[in-house]
J.: 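Below is one structure. I have some questions about it.
Quantities reported herein were computed from a predicted structural model and do not represent experimental measurements.
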Amino acid sequence: MLDHLRFVAGESPTHALRFWEPVINGRPLREVLDAAGEDPAAGEVGAYVPVLVHDWPGGLPDDVLVLLGERAPQVAGRVPLYVCPDCGDLGCGAITVAVYRARDTVIWRDFGWDDLGGADDDPVRLAVPAMTFDRREYEAELRRFVTTFDQVRAAAAPRSWPAADAQEGPAARPHRWWPFRR
């Protein structure tokens with residue numbers, strides 16, 4: 001049986017970010033991952049945001065293109081799904097997945113928490129079953145994000161950093177902003 005992927009609008013009010021949340025078979029992926037963690041009440045995803053963010057300063061995130069198979073994964077064949085809401089930096093840790101493509105399907109498996117390039121060399125894998133999507137349906141849903149990206153971004157109020165955070169806005173942070181395509 002194939003799984004169904006949809007993206008629904010979401011936001012992180014504390015971080016002033018707008019994004020599309022992955023929903024698998026009618027259930028937010030965030031809930032699925034949280035339930036599979038060591039402490040379901042604490043949640044594995046926490047305040048992290050999906051990589052499908054409209055408000056990053058540089059434009060369309062490369063990880064969307066990696067999910068589509070148009071770019072190679074940055075680290076060890078893993079594709080980030082949820083990243084730090086402050087900077088998007090993979091060194092802050094990320095919920096990642098291994099993505100496999102076949103002629104008619106795309107499989108997400110081996111979900112886990114990775115500190116990619118950080119101090120923690122021991123990735124944590126989550127007990128989440130593999131998810132298999134119809135390739136055409138999967139690619140169409142990701143293309144919907146790509147083709148509507150500029151329109152959704154333009155329609156939203158611009159992101160601004162509060163004055164108290166001016167010293168700690170994205171330009172002042174030591175984190176690297178993960179790659180963007182424009």
Side-chain angles (χ1 to χ4, degrees), residues 5-64 66-67 73-75 78-99 108 110-128 131 141-142 145 149 152-153 155-180:
L5 172 68
R6 296 285 300 160
F7 296 113
V8 297
E11 67 177 318
S12 171
T14 57
H15 292 91
L17 291 174
R18 292 165 297 262
F19 52 78
W20 282 8
E21 181 79 40
V23 175
I24 312 295
N25 301 325
R27 186 174 178 202
L29 181 58
R30 174 182 306 271
E31 290 178 11
V32 174
L33 298 173
D34 283 348
E38 291 179 14
D39 182 1
E44 287 297 315
V45 179
Y48 275 46
V49 296
V51 295
L52 298 133
V53 174
H54 291 95
D55 299 308
W56 293 132
L60 183 67
D62 268 356
D63 292 319
V64 175
V66 175
L67 286 167
Q74 291 179 343
V75 181
R78 311 259 330 140
V79 180
L81 292 176
Y82 291 89
V83 295
C84 173
D86 290 323
C87 62
D89 190 87
L90 302 179
C92 290
I95 298 286
T96 65
V97 68
V99 179
W108 286 2
D110 302 325
F111 293 85
W113 174 262
D114 288 286
D115 186 7
L116 305 172
D120 185 3
D121 293 333
D122 296 324
V124 175
R125 295 296 168 245
L126 302 173
V128 175
M131 298 175 183
E141 190 62 5
L142 281 165
F145 178 82
F149 180 82
V152 170
R153 188 175 166 105
R159 179 180 181 187
S160 62
W161 294 90
D165 289 342
Q167 293 293 321
E168 297 189 25
R173 287 203 170 90
H175 299 289
R176 90 180 151 79
W177 280 86
W178 42 288
F180 296 96

J.: Would you mind checking if Arg78 and Asp63 are paired as a salt bridge, meaning a charged N to carboxylate O distance below 4.0 Å?
T.: no
J.: Among all residues two or more places apart in sequence or in another chain, which pass the salt bridge (charged side-chain N to carboxylate O under 4.0 Å, His left out) test with Glu21?
T.: Arg30
J.: Could you list the residues that satisfy ring pair (Phe, Tyr, Trp, His ring centres under 6.0 Å) with Tyr82, not counting sequence neighbours?
T.: none
J.: With sequence neighbours excluded, tell me which residues meet ring pair (Phe, Tyr, Trp, His ring centres under 6.0 Å) with Phe145.
T.: Trp20, His54, Phe149
J.: Hey, are the side chains of Val51 and Leu67 touching, using non-hydrogen atoms and a 4.5 Å cut-off?
T.: yes
J.: Does the side chain of Leu52 come within less than 4.5 Å of Phe7's, by heavy atoms?
T.: yes
J.: I'd like to check the salt bridge (charged side-chain N to carboxylate O under 4.0 Å, His left out) partners of Glu11; sequence neighbours left out, ordered by chain and number.
T.: none
J.: Could you check whether any side-chain heavy atom of Cys92 comes within less than 4.5 Å of a side-chain heavy atom of Tyr48, counting everything from C-beta outward?
T.: yes
J.: Under the side-chain hydrogen bond (donor to acceptor under 3.5 Å, both in side chains) rule, collect the residues that match up with Arg27, sequence neighbours excluded.
T.: none
J.: Which is it for Val83 and Asp89 under the side chain to side chain contact (heavy atoms under 4.5 Å, CB included) test, yes or no, and what are the steps along the way?
T.: CA-CA 7 Å; Val83 295; Asp89 190 87; over 6 Å; no
J.: Please check if the side chain of Asp114 supplies one atom and the backbone of Ile95 the other of a donor-acceptor pair under 3.5 Å.
T.: no
J.: Answer yes or no: is there a side-chain heavy-atom contact under 4.5 Å between Leu5 and Ile24?
T.: yes
J.: Can you spot which of Asp55, Asp86, Leu81, Leu17 makes a side-chain contact (heavy atoms from CB on, under 4.5 Å) with Val49?
T.: Leu17
